[in-house]
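Structure first, then comments.
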Amino acid sequence: MTEFKNTEISEFSGVWVFCEQRAGSLMPTDFELMSEGRKLADELGCELAGVLLGDDVDGIAKELGGYGADKVYVCNSPLLKHYTTDAYAKVFCDLVVEKKPEIVLIGATNIGRDLGPRCAARLHTGLTADCTHLDVNMEKYVEFLAANSTMDLSKQNLDMADRNLKMTRPAFGGHLMASIICPRFRPCMSTVRPGVMKRAEFDQAKADACVIEHPAFELSEADIHTEVVEVVKAAKQLVDLTGAEVVVAVGRGISKDVEKGLALAEELAALLGGVVGGSRAAIDAGWLTADHQVGQTGKTVHAKIYVALGISGAIQHMAGMQDSECIIAVNKNEGAPIFEAASYGICGDLFSVTPMLIEAIAATKAEKAAV
């Protein structure tokens with residue numbers, strides 16, 4: 001790697017998104033990050049570029065333009081067909097050294113969580129992991145703080161001209177939200193939790209206008225210290241919360257009869273064509289596996305219908321579901337915070353209310369089917 005002066009802040013410009021592909025297919029996180037990157041690039045008045053590594057992946061590059069990319073750097077090599085830390089980190093870091101982007105966004109996937117720290121260490125810059133919110137515009141960041149924190153902003157000496165990337169992530173087990181900046185080094189690097197950024201509508205005209213560039217790079221087998229012998233896909237069934245249109249989530253309220261509570265949630269979810277989720281309390285108690293968790297330390301959902309059964313509505317849980325279109329809350333505590341975010345709130349015992357919901361929905365579906 002050539003000499004890299006990452007403290008010369010003025011020499012860095014542009015927002016980059018590492019675009020993960022597997023078996024020649026782009027991942028949903030690519031489109032989410034590209035959409036968010038477009039907002040940041042517009043606020044900074046700079047270019048948005050994607051970086052796509054693989055083998056013969058030119059055919060999928062243009063799609064990234066449809067979500068906001070001005071340009072996509074495509075690096076093709078048989079040595080990049082399967083992800084290896086050594087190969088991807090070398091090619092990506094060499095490209096950063098040459099082009100000097102100001103901001104680099106990477107999805108907090110299994111691959112991104114491996115690649116991000118390695119690149120940050122090589123580039124001697126900071127990395128904020130598992131981010132759930134990003135800002136460069138200070139006015140928008142203050143609006144975010146006002147809506148999502150208890151901080152007394154009148155007592156804060158905030159520099160409204162600050163254009164550092166403000167990277168917000170859960171801290172201390174999700175009990176606090178921390179905003180981190182990297183003012184002395186570039187690029188500012190962030191891994192972003194899948195599902196938290198909203199994907200923009202695909203624009204074919206922008207896809208057609210996207211520039212595809214093939215930068216020169218050096219990579220040999222000697223640079224790679226591991227060999228991918230075989231790729232085996234596990235058959236383990238995991239719930240897809242982030243892609244679900246309907247989520248029925250359970251919380252501590254099912255504790256008096258966990259088996260029945262889960263059965264009711266599963267029946268209601270099946271009737272609505274959705275999946276079952278849970279609050280952190282339900283996961284910590286072992287009632288559901290970790291892939292069902294909704295919240296700051298779980299998954300963020302943007303469901304069309306979100307049903308909360310026996311969930312009080314702690315701020316950590318609300319952060320993961322409050323952007324759902326229709327929120328239906330069932331809780332016997334009339335003062336539960338979940339009711340503040342709910343489109344429809346039912347104050348009552350979930351073991352009595354849920355069967356009535358199931359019966360009413362089933363009857364409505366039967367009537368429609370008979371017409």
Margin query: As an exercise, state the distance from CG of L288 to CZ of R280, rounded to the nearest 0.5 Å.
Written below: 15.0 Å
Item checked: Ionic contact status for K140 with E43, cut-off 4.0 Å -> yes
Check: Are there more than 12 heavy atoms of other residues, nucleotides or ligands under 6.0 Å from atom CD of E47?
Finding: yes
Note to self: Are more than 12 heavy atoms, taken from residues, nucleotides or ligands other than K100, located less than 6.0 Å from that residue's NZ atom?
What the structure shows: yes
Checklist line | Smallest separation among heavy atoms of P337 and G313, with atom names | finding: CB-O, 3.4 Å
Counting only pairs under 3.5 Å, give me each side-chain donor-acceptor contact of residues 301-311, with atom names and distances, residues two or more places apart or in other chains.
residue	atom	partner	partner atom	Å
H302	NE2	G195	O	2.7
Y306	OH	H317	NE2	2.8

Item checked: Under 3.5 Å side-chain donor-acceptor pair for T84 and D86 -> no
Check: In this structure, are over 12 heavy atoms from other groups packed under 6.0 Å from N110 atom CG?
Finding: no
Check: Would you call K299 and D291 a salt bridge, using N to O less than 4.0 angstrom?
Finding: no
Next item on the list: For the pair Y83 and F18, evaluate ring-ring contact (aromatic ring centres under 6.0 Å, His included) and give the outcome as yes or no after the intermediate values.
Entry: CA-CA 13 Å; Y83 175 80; F18 170 73; 7.6 Å; no
Note to self: Looking only at the side chains, is there a donor atom on one of N164 and D162 sitting less than 3.5 Å from an acceptor on the other?
What the structure shows: yes
Notebook entry, point to check: Do T168 and S179 have side-chain atoms, one donor and one acceptor, less than 3.5 Å apart?
Noted result: yes
Margin query: Looking at D56 and K81, is any side-chain nitrogen of the basic one under 4.0 Å from a carboxylate oxygen of the acidic one?
Written below: no
Checklist line | Results of salt bridge (Lys or Arg N to Asp or Glu O under 4.0 Å) for E266 - residues two or more places apart only | finding: none
Notebook entry, point to check: Are N6 and T125 close enough that a side-chain donor and a side-chain acceptor fall under 3.5 Å?
Noted result: no
Checklist line | Atom of K198, atom of S35 and distance for their closest heavy-atom approach | finding: O-CB, 3.4 Å
Check: Do you know which two heavy atoms are closest between A282 and G251, and how far apart they sit?
Finding: CB-CA, 4.5 Å
Notebook entry, point to check: Have H82 and D55 got a donor and an acceptor in their side chains that come within less than 3.5 Å?
Noted result: no
Notebook entry, point to check: E20 and T29: side-chain donor and acceptor closer than 3.5 Å?
Noted result: no
